[in-house]
Amino acid sequence: MHDIRAIRLDPEAYDNGWRFRGAAAATPAILALDEQRRAVQTSLQLAQARRKAVSEAIGRAKAAKDQAAADLLMGEVESAKDDIAEQTRLDGDLAGRLQDILAGLPNLPAADVPPGTDETGNVEIRRWGQPDPNAPAKDHVDLGGALGLMDFDAASRMSGARFVVLRGELARLERALGQFMLDVQTQEHGYTEVSPPLLVKDRAMYGTGQLPKFAEDLFQTTDGYWLIPTAEVSLTNAVADQVLAEEELPLRLTALTPCFRSEAGASGRDTRGMIRQHQFAKVEMVSITTPEQSDAEHERMVSCAETILKRLELPFRTVLLCAGDMGFTARKTYDLEVWLPSQTTYREISSCSNCGDFQARRMEARLKRAGEKGTRYAHTLNGSGLAVGRALVAVMENYQDEGGRIAIPQALHPYMRGVSRIGADIG
RNA sequence: GGAGAGGUGGCUGAGUGGUCGAAAGCACCGCACUCGAAAUGCGGCGUGGGUGGAAGCCCACCGUGGGUUCGAAUCCCACCCUCUCCGCCA
C-alpha cells in the first residue's frame with residue numbers, strides 16, 4: 001500500500017519505480033481520482049458542518065421549549081441532508097476506486113536494486129562451497145525411490161499431484177532439518193520461536209499482500225479461511241494494528257510451519273519431485289524494525305539463512321534479485337540458491353526480502369518512540385531460513401554416494417539418533 | 001452446537017439520544033519543589049482527513065458496515081472478534 005500524500009508530492013518517483021519493475025505508470029489516474037475526491041470531501045464537510053450547526057440549534061430550541069423555532073430549523077436541515085447523502089455516495093465511490101488501484105500496485109524498488117525484467121537480470125553477490133563435477137548426480141526422486149523411502153504414487157492416490165509421502169529415515173531427516181534450522185535461528189540468532197495459526201482470515205492475507213491480487217495462488221477452506229502459503233503471513237501479522245515501542249525493536253520471530261500453495265501459475269514446471277509441492281515445511285524468519293534499521297537487518301537476515309547452508313556444507317550462491325524478478329511486496333530481495341547436482345544448477349532455497357513500510361501500511365503496524373508525539377510505520381522483513389523440503393532435496397543429492405546411499409551432514413547428527421547414513425543396509 | 005455477556009484513546013474504565021472526541025485513573029511529556037531522585041503539585045498528552053503562508057479553522061472516527069432520527073458512542077439490523085456457562089471433542 002502506498003502513501004497517497006507521498007505520491008502527490010513526487011508522482012514521478014512512483015511512476016519511475018513502477019516502470020523499473022515492469023509495471024505501468026499509474027499516477028495520472030491516481031492523482032485525478034485523488035483531486036476529485038478531495039473536492040468531494042470539502043463539499044461533504046461543508047454540508048456536514050451545516051447539518052451539525054442546525055441540529056445543535058434545534059437542540060437548543062427544544063431545550064428552550066420553543067417548538068415553533070425547532071420546526072422551522074428542521075425544515076432547513078433537509079437540503080444539507082440531501083447534500084450529505086449525495087457527497088457521501090460520491091466519496092465512497094471515489095475512495096473505492098482509489099483503493100482498488102493503490103492496493104494492486106507493487107512496492108517501489110530500493111535504489112540499489114539492479115534493472116531487469118526476469119531472472120536473467122539478477123546479480124550474483126557471492127558463492128560459497130564448490131560443487132564437485134565428478135560426484136554422482138542422481139536426482140532425489142530416483143534416490144528416494146530406490147531407498148523405498150519416498151513415495152509419490154502413494155501421495156498421488158490420496159492427494160493427487162505435487163504431494164509426497166516420506167517414510168522412515170527420510171521422514172526423520174526432514175524433521176531433523178526443521179529442528180536444526182529452528183534451533184540455529186532461535187539459539188544463535190536471537191529469533192523468538194512462534195507456533196502460529198496456519199489458517200488466517202482475509203485481513204491477514206491482505207496485510208502481507210497476498211490479497212487481493214494473488215488469491216489464485218492460495219488454498220481456501222469452505223468457511224472462508226485461507227491456508228498460509230508461508231509463515232511470513234502469520235508472523236508478520238502478529239504486529240497488525242499494534243503500536244510498538246521503538247526501544248523494543250527489532251522484533252525477531254521465527255516459526256517452522258507447513259506452507260500451502262496452489263501453484264496455479266506453475267503447471268508444467270518442476271512437475272517431477274519435491275521441488276514444487278502444494279505442501280512443504282519451511283522455517284521462516286520475520287523481523288520488525290525501524291526504518292533506520294531495516295537495511296542492516298536485511299543483511300543480517302541473509303547471513304542467518306546462509307549460516308544454515310554453511311553448516312549443512314551445501315554449495316550455494318547469494319543473488320540480488322533485479323527489479324522485474326522481485327515479489328509484489330518487496331523493495332529489495334536476496335535469494336539463496338543451493339547447488340543441485342542432478343540439475344547441474346543452483347535452485348532457490350531461501351528468499352529474504354525487505355518490504356519497507358509497504359506491509360506495515362496495509363496492516364497498520366506502527367512505531368512510537370517514548371516521549372515523542374505521533375507514530376510512523378514499521379518496516380517488515382521476511383526470509384526463509386530455510387525451505388525444509390528443498391533442503392531435504394539438496395542434502396539427498398549432494399550427499400549421495402555411488403551406491404545411492406545418503407550421508408547425513410555432520411550438523412544433523414545430533415538430530416538423527418546415531419544414523420549417519422541412510423541406506424547403509426543396501427550394500 | 002445451545003444460552004448469555006461484551007467490544008470506548010498506549011492501557012484500565014465511565015458514559016444509554018442533544019455543544020461528548022468523549023469523565024476518571026494509569027502510563028508518558030513539560031514545569032515547579034529537590035544537591036539529585038522518589039513523592040507531591042500544576043500543565044500538557046488520541047488518530048485520520050480537508051483547507052490555509054502560518055496561527056488556525058473545519059470534518060470524520062467510541063469493533064466493521066448499514067439503518068432510524070433534525071441530531072447516534074448511546075436506539076435497530078447484519079457481520080467480525082473476545083469472554084462466560086452447558087454440550088461435544090483432539
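Since the structure is predicted, the reported quantities are computational estimates derived from the model, not experimental observations. So you know, we letter chains A, B, ... as the sequences are listed, proteins then strands, and number each from 1.
Along RNA chain B, the nucleotide nearest D3(A) and the nucleotide nearest K201(A) are compared for position; the residue whose nucleotide lies closer to the 5' end is D3(A).
Partner of Q359(A) under the side chain to side chain donor-acceptor pair (under 3.5 Å) criterion, out of N107(A), T208(A), T380(A): T380(A) alone.
A cation-pi contact links R362(A) to Y206(A), judged by a cut-off of 6.0 Å to the six-membered ring centre and 45° from its axis.
If you measure from atom CG of L244(A) to atom P of C11(B), you get 12 Å, rounded to the nearest angstrom. Across the protein-nucleic acid pair, E364(A) atom CD and G10(B) atom P stand 12 Å apart, rounded to whole Å. The interatomic distance linking L33(A) (CG) with G49(B) (P) rounds to 18 Å, in whole Å. Per the geometry, CZ belonging to R50(A) stands 21 Å off P belonging to G50(B), to the nearest Å. In this structure, the CG atom of D241(A) is 15 Å from the C1' atom of U82(B), given to the nearest Å.
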TODO: At under 4.0 Å between heavy atoms, which parts of nucleotides 57-77 of chain B does protein reach? Answer with one letter per nucleotide, 5' to 3': B base, S sugar-phosphate only, - none.
DONE: -BBS---------BS------
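Across all strands, R376(A) comes closer than 4.0 Å to no nucleic acid atom at all (heavy-atom distances). Among the heavy atoms of the strands, none lies under 4.0 Å from R37(A). Here R60(A) lies in heavy-atom contact (under 4.0 Å) with a base.
Here the shortest heavy-atom pairing between N237(A) and A204(A) reads ND2-O, 2.9 Å.
The shortest side-chain heavy-atom distance between E284(A) and M181(A) does not fall under the 4.5 Å cut-off.
Here, A32(B) and A39(B) have their C1' atoms 14 Å apart, quoted to the whole Å.
Taking a 6.0 Å sphere around CD of Q99(A), one finds it holds more than 12 heavy atoms contributed by other residues, nucleotides or ligands.
Aromatic ring orientation, F219(A) versus H278(A): perpendicular (interplanar angle above 60°, classes split at 30° and 60°).
Contact check on R376(A) versus E292(A) returns a salt bridge, with a Lys/Arg side-chain nitrogen under 4.0 Å from an Asp/Glu carboxylate oxygen. Remark: R272(A) engages D142(A) in a salt bridge, criterion side-chain N to carboxylate O under 4.0 Å.
If you look at H2(A) and F358(A), their ring centroids are closer than 6.0 Å.
A heavy-atom distance below 4.0 Å to RNA chain B is reached by none of the residues of residues 220-229 of chain A.
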